[in-house]
Amino acid sequence: MGRTNPKLTFKRREDDATNGETASKESKEKKSDLAGLVSQLDQPKNSMSVKLIPRSKIVYDPDNRKNTEEVESLQTSILVAGLGNDLIVKYLTESDRYMLIAGERRTKALDNLIAEYSNWEGDPTDPGYKNYLRNVKQFEAGYPCKVKRPEDDLDDYPDEEKIRQRILHIVTNTEVEPPLPADKVRYASELVELYKQLNIGKKSNKDKINVNKEVAKDLKITPKQVENYNVINVKLLPGLRELFDKGDLSIKEAAGYARLPEDVQDDIYQALAARDRKRAEEELQLHKQLEQSRKELSRSKEEAQDSVQSLSKEIESLRAKIAMVDNDKTGKEIEALKGQLAQKIVALDNKEKEIDTLEEELSAVQNRPSFLTPAMKEALSAEGKAIRGIEELQRALMNVLQVMKEYDAKYLSEIEQLKTPAELEEAIQKILQKYLK
Amino acid sequence: MSKGKVISTANNKGGIGKTITSAALGELLAYLNNDVLLIDGDPQSNLSLQMGFEVEDSEDIVKGYVTVPEDLYNISELYRYRFREKEKVQAIIKPTRVPGLDIIPSSKRHKNTLTHLLMDSTGNPYPILKRALATIRDDYDYIIIDTAPADDLLIAINFYASDFVLIPLRVEESSKKGLRETVQNVLTIKQEFDLDLQIAGAFITAAEPYTVAYREMRQEYIDEVGGIFKDCPVRKDTNVSNLQRKLQPMLPTYANSNFVYDYCNLLLQMDFLDPKSKAALEEILK
């Protein structure tokens, strides 16, 4: 006997009488829900969106200076009046954190307030606590942040836009709070670097950015100052840079030091490190003096060298001419002339030697010791003497040259007329007589 | 060459034609002279199977007892080792039988990827795929990601890497639910990360245009999601079954099938289609 299916009866339950209706109502709700979602898709994307971000996800910008000034007064103002503006952050894709662009001090103030009041066990009617409940407690869940679009290694932007964003970031930073000198230098040097990068692709000079001018405009300083900042950044010794960063040196001082040679900078640093500003000042003055005398010395040395050179040339040509007319008949006189010439040459050699010693002295001056010792001062005065010596020598040589030139001119014109050895002899006699007078 | 556009096909309702859509569009775009990369993001690895890259992971590999040899690396390792060098990504790209069409295959072990990601708390998982694709984007015109029918972190990672999301639908309430969830997901990712992510469109697959069910459902979709609903149904076609049964390339064997014609029409409606391919496609459809 085969099995038969039991007879099934399906009976609608009373409660379900309205099921159809609710179902359609639900689906209508869902319908508007889906349409709402789709409409949201079309909303234009903001360059910033505002979010409550948990404190644990907010990090400081390691590039920013740690400025904790006035946090306390800010704390009070937030407690009493609430947080005026949202923080501005940037999403860091790699670490899934938000980095502060603006609002470090506000963040610190909020941190302090939450640390102070979140587990309040004191008097619940305390006015501070009441203000906390009204103005700050809401931020325990998260700080209100405007989120800038992420810029990261995923490279959604062309490089130029990235650079421009960084420039904008720096400029905004300086506008929000006036930077300390050390930060100004850092900002200026970074801006210079960024603008240089922008210039790389540009071929014609017309398109190129005038870097110093642009940076000056951004930081509201003069192009000259930008140059000073740059010198500080590039040439200031690390030790002095440290002092500058600490605020112990003004920009003017730092820029002045940065332009000195490294050994002088080092001496100044030693003096400053020993808290001896006077010595540092002396050191700077000494350097300036030495620099000045070195310049003068080398200038006069060059001049002396020039005249020695032209002198020796002329002696050379004179010798050649004497050789032309040299023969047995006029031997004696010529010998005498030759002897005179030889004397001049020896004198010239001596002067050249003097110049050499002068040079040695000069280089000794350049490798000067750290401070003005008595020996040093002596050397300085010796330099003066040496300069005067050279000048005298120059004058003497010029006189000799003048006489020689006169002699030379006449001698040459008469030699051209000579036809016989007798005439030649006569002419030489005349010339020698005149010259020997 | 410009940056490849990244398109995800997604709907967390399974079995509605994501894989065949990825394969068909990939092949069509490659046929239109584009360089196309398919990415199989589904541990079921049906796209890899369709393209001839089925690799059966041994139980030991799936369970992680055995390390995967380097020549068998696929999408799982891209996630696991967070590839960020071009050479490493290139090493897991395989050429298919279709000229111009490459694939990063998947396999069963990819199902562990999500667990690994969730357990590994170091670093941010969202950019993994986008970062890897950024290294090779210049080499392709289109990158099509076939996602798994799910609603999880991996989908979010796929969306994060995408420019467009394409949503296949069926004539059924459940795929509408899937549509809603997918739109919600896209919206969340878009807003959380301020991305330019767009929904390229939602369209009905395996359509039987002459049934009442189809007409009513189509009207519902038009009413509710008018803006993104593309009225370009892909008709039900036994040739799709044949294609999937025989694991053949779509063209030229099935060139005259309804579904190929329908996919061509659908492609014409897509915002991401470049003008050159569009002109070529219009020429073919004439």
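Everything quoted here is computed from the prediction, not taken from an experiment. Lettering follows sequence order; numbering is per chain, from 1.
Taking 4.5 Å as the limit, some side-chain heavy atom of Y132(A) sits within range of a side-chain heavy atom of S118(A).
Ranked by non-hydrogen atom pairs under 4.5 Å with chain A, the options L187(B), T135(B), V183(B) are led by L187(B). Comparing I128(B), I228(B), L179(B), L197(B) by how many heavy-atom pairs each has under 4.5 Å with chain A, the most go to I228(B).
Using a 4.5 Å cut-off between heavy atoms, E181(B) does not touch chain A at all. Both the backbone and the side chain of Q191(B) come within contact range of chain A, each with at least one heavy atom under 4.5 Å from a heavy atom of that chain.
A salt bridge is absent between K3(B) and D138(B); no separation between the charged side-chain nitrogens and carboxylate oxygens falls under 4.0 Å.
The side-chain contact (heavy atoms from CB on, under 4.5 Å) test applied to R106(A) returns L74(A), I78(A), L83(A), N85(A), L87(A), A102(A), not counting sequence neighbours.
Of the possible donor and acceptor atoms, one in the side chain of R170(B) sits under 3.5 Å from a partner among the backbone N and O of G15(B).
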